[in-house]
Amino acid sequence: MSDRGKTAKAAKAEPAKRNSIPLKLRVPEPPARPGQAADFSHIKLPAAGVTRRPDVASQPAEMHDLAYGLVRVLNEKGEAVGPWAPKIDADLMRRGLRIMMMTRAYDDRMYKAQRQGKTSFYMKSTGEEAVPTAAGLALDDTDMLFPAYRQQALLFARNWPMLDMMNQIYSNAHDRLKGRQLPVMYSSKEAGFFTISGNLATQFSQAVGWAMASAIMGDTRICATWIGDGSTAEGDFHHACTFAAVYKAPVILNIVNNQWAISSFQGIAGGTEAPFAARGVGYGLPALRVDGNDFLAVYAATQWAIERARSNQGATLIEHFTYRMEGHSTSDDPTRYRAADERQKWPGGDPIERLKQHLIKLGEWDETRHTAQQEEMEKLVKDTQRQAEAIGTLQAGQKPSPKTMFEDIYGGEPDWRMRKQRQQFGI
Amino acid sequence: MTTMNMIQAINSAHVTLMEKDPKVVVFGEDVGYFGGVFRATEGLQQKFGVTRCFDAPIAEAGIVAAAIGMGVYGMRPLIEIQFADYIYPAMDQLTSEAARIRYRSGGEFLAPITVRTPYGGGIFGGQTHSQSPEALFAHVVGLKVVIPSTPYDAKGLLIASVEDDDPVIFLEPKRLYTGPFEGHSTDGVKTWAGHPAGEVPDGHYIVPLGKANVVREGSAMTVLCYGTMVHVCLAAARETGIDCEVVDLRSITPLDVDTILTSVNKTGRCLIVHEATLTAGFGAELAAIVQQECFYNLEAPIDRVTGWDTPYPHVFEWEYFPGPARVGAAMKKMMEA
Ligand SMILES: Cc1ncc(C[n+]2csc(CCOP(=O)(O)OP(=O)(O)O)c2C)c(N)n1
Ligand SMILES: [Mg+2]
């Protein structure tokens with residue numbers, strides 16, 4: 001250090017004497033780890049129906065309580081109760097049930113395919129199926145979707161062919177992404193489903209831009225996006241909230257709080273300090289906290305947000321409170337970081353079971369039909385898998401043409417270096 | 001000495017550093033209780049407590065910025081970015097901040113951080129789990145860029161990086177974590193056991209930054225490489241029977257120019273191999289230095305074998321990966337020149 005520095009230091013006054021205690025760093029810890037009993041006693045689920053439903057035209061400042069509450073419609077008896085109970089017919093609910101069951105059967109099968117070495121990677125959405133399913137059904141098919149990687153049910157909700165999805169999982173010759181992307185990173189312009197990024201959170205602020213464009217152009221379409229609890233720590237989440245609030249963008253910002261981000265519990269993302277929905281409060285965004293395992297609650301909250309967006313009242317932030325029932329992906333083993341009995345003790349129930357129970361209560365469904373539908377879904381997935389495997393898997397069968405790997409890097413004619421490299425590659 | 005794979009050697013470097021210096025603190029996504037998705041920090045939290053090894057929020061810019069702040073306080077943060085492909089959100093903190101703090105404060109403030117991150121392909125990770133971004137960091141003055149190729153080097157270089165007062169990007173070739181991969185996609189898993197550099201001292205030692213390693217002496221040509229490509233180049237030399245001098249750079253900033261020039265002046269030929277894309281890759285910098293300094297000793301044009309100028313395609317992992325066949329063909333071509 002220079003002399004100048006020393007002089008400046010010497011001139012400084014001594015700090016006042018006080019009884020200082022050593023500072024301590026707090027590192028949040030989940031209530032239970034492997035070898036301990038799961039403990040969800042900190043989760044207080046309000047009874048279904050008790051959370052108020054503000055008028056769609058309410059100002060964000062008038063509804064801060066909703067960011068700390070929990071919108072729940074289905075009660076323990078399988079009844080739909082309270083102001084949020086959506087007025088939807090049994091056909092739509094049966095469709096929701098079917099899509100959730102399809103998603104679960106598809107996930108199970110594709111997970112096994114990875115285990116059998118037919119592809120490199122897979123991620124299930126087990127336990128969270130209501131979140132994308134209900135939103136997918138509430139939105140118009142022409143609205144735009146900017147998903148993360150656990151919203152495969154959105155594609156089923158848009159009747160996107162399962163075979164096309166499996167071809168992506170297998171990176172085979174019919175994969176519309178030409179084998180370029182990691183399995184589950186779907187993309188379909190036709191389905192209004194934006195190309196999923198491996199880099200977390202980027203889609204969240206892009207969705208706001210899409211919605212701003214729709215507003216600039218005087219369009220009528222709105223947009224929805226999804227992000228994980230862990231990913232809310234990324235800057236993109238905060239950019240999205242700022243832009244969405246400032247420009248009243250017609251976008252629905254969904255946080256899927258499934259309690260875990262790989263091995264990190266939601267407290268590492270700040271979820272034990274305040275609910276994720278409460279972040280909306282600081283931005284002046286209307287924010288709802290919703291029981292993500294309650295199909296009707298997700299549907300109703302999405303509908304509410306859709307109405308706001310379509311009537312130029314801007315964006316809504318929705319936290320879906322749910323649970324990741326399985327591992328993060330095929331690359332991890334959750335028994336190494338969370339209590340073994342968590343899934344059994346999770347207080348929010350199973351979204352499929354809860355909607356099924358409601359339909360039965362209404363007299364619109366029964367066990368026989370449920371079992372038959374379960375078998376139908378398993379058969380559908382198995383038959384589709386056979387078709388996909390007849391085309392190819394990552395290891396065998398028809399692959400995309402290797403020359404396609406040099407395409408789509410830029411539009412237009414290949415430049416000198418690309419021509420040279422293609423030549424070296426032998427095409 | 002203990003036989004270790006590269007993950008164990010990196011873990012052992014952490015233990016050595018943390019035992020020696022209470023100011024070494026470790027954090028990153030999933031590194032705490034779980035010990036990291038590649039298990040590099042396994043057991044550290046249990047051994048040193050939650051305030052010395054802990055999980056970070058998923059915010060790479062935040063992780064690097066917090067490390068810089070701790071470094072300014074006087075600590076020595078050793079942080080993990082889960083995959084090199086996810087380091088980009090932290091680019092501003094690395095290039096405008098970590099790299100510049102010493103310079104812009106007239107040498108008063110430092111950012112003595114080490115950023116470990118797994119990089120490279122060979123695990124079917126697709127374009128967001130396979131990239132090799134070393135050239136981006138080599139282009140930023142103020143950052144050091146270190147890339148080990150063996151367990152022994154990984155531990156020694158990591159200790160040297162953390163003990164260095166400047167910010168270091170420490171790129172770990174993830175395909176080498178469990179064994180010395182030679183680039184044949186059909187090869188079974190080979191472990192580090194039996195490899196001389198799989199024998200790792202248990203205590204403190206360093207491999208200095210800026211000191212290349214001539215891993216194979218030869219007279220026919222010089223092969224400059226680092227990371228996974230060191231093993232690929234050795235395999236290619238063996239398979240072609242060409243007497244290559246294979247130089248493992250170990251760090252690209254600082255660069256051991258003396259070793260490079262001595263070798264090329266001796267052999268008269270220079271092949272550069274990296275997994276990263278070609279254009280503006282680090283090979284371009286190496287080629288410029290070699291042609292300037294060794295021009296009158298060169299008997300053939302300098303050549304580069306690299307990943308293609310495309311993103312890393314999932315299904316074409318092995319068409320993209322510059323394996324021993326491509327490297328060997330370039331070696332033969334160079335000998336014919
Ligand atoms: C920018 C970036 N950083 C890190 C990762 C590695 N990563 C992939 S998924 C994941 C956890 C995400 O958790 P969360 O947002 O809660 O979503 P969930 O997996 O629970 O659906 C991490 C850290 C990544 N893909 N991108
Ligand atoms: Mg999560």
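Within every chain, numbering begins at 1; the chains are lettered A, B, ... in the order of the sequence lines, protein sequences first and strands thereafter.
The aromatic rings of A:Phe204 and A:Phe237 lie parallel to each other, with less than 30° between the two planes, well short of the 60° mark. Ring planes of A:His328 and A:Tyr149: perpendicular class, angle over 60° (limits at 30 and 60°).
Counting heavy-atom pairs closer than 4.5 Å to chain B, the top residue among A:Leu25, A:Asn199, A:Thr119 is A:Asn199. Among the candidates B:Phe316, B:Phe124, B:Tyr88, the residue making the largest number of heavy-atom pairs closer than 4.5 Å to chain A is B:Phe316. Between chain B and the options A:Arg33, A:Arg422, A:Arg336, heavy-atom pairs under 4.5 Å are most frequent for A:Arg33. Note: A:Gly230 leads A:Ala201, A:Gly228, A:Gly230, A:Pro28 in heavy-atom pairs under 4.5 Å with chain B. In terms of heavy-atom pairs under 4.5 angstrom with chain B, the leader among A:Pro30, A:Pro34, A:Ser197 is A:Pro34. Here B:Trp308 is the residue among B:Phe54, B:Trp308, B:Phe83 with the most heavy-atom pairs under 4.5 Å with chain A. In terms of non-hydrogen atom pairs under 4.5 Å with chain A, the most contact-rich of B:Gly107, B:Ala329, B:Gly125 is B:Gly125. Between chain B and the options A:Ser263, A:Gly270, A:Pro183, heavy-atom pairs under 4.5 Å are most frequent for A:Ser263.
Between B:Glu42 and B:Asn11, the side chains place no donor N or O within less than 3.5 Å of an acceptor N or O (distance only, hydrogens not considered). For the residue pair A:Asp332/A:Tyr337, the side-chain donor-acceptor check at 3.5 Å is satisfied.
The contact between B:Glu60 and chain A is made by backbone and side chain atoms together, counting heavy-atom distances below 4.5 Å. In this structure, the portion of B:Ala56 lying under 4.5 Å from any heavy atom of chain A is its backbone and not its side chain. Using a 4.5 Å cut-off between heavy atoms, B:Tyr320 touches chain A through backbone and side chain atoms alike. Residue B:Asp85 touches chain A through its backbone alone, counting heavy-atom pairs closer than 4.5 Å. Interface remark: A:Arg417 contributes side-chain atoms only to the contact with chain B (heavy atom separation under 4.5 Å). Using a 4.5 Å cut-off between heavy atoms, B:Arg52 does not touch chain A at all. Interface remark: B:Leu278 contributes side-chain atoms only to the contact with chain A (heavy atom separation under 4.5 Å).
In this structure, A:Glu413 places its CD atom where only 12 or fewer heavy-atom neighbours from other residues, nucleotides or ligands lie under 6.0 Å away. Other residues, nucleotides and ligands contribute over 12 non-hydrogen atoms within 6.0 Å of the CZ atom of B:Phe34.
Across every non-hydrogen atom of A:Arg180 and A:Asp175, the tightest pair is N-OD2, 4.3 Å.
Distance check: B:Cys53 SG to B:Lys47 NZ gives 12.5 Å after rounding to the nearest 0.5 Å.
Looking at B:Glu97 and B:Arg104, a side-chain N of the basic residue comes within less than 4.0 Å of a carboxylate O on the acidic one, giving a salt bridge.
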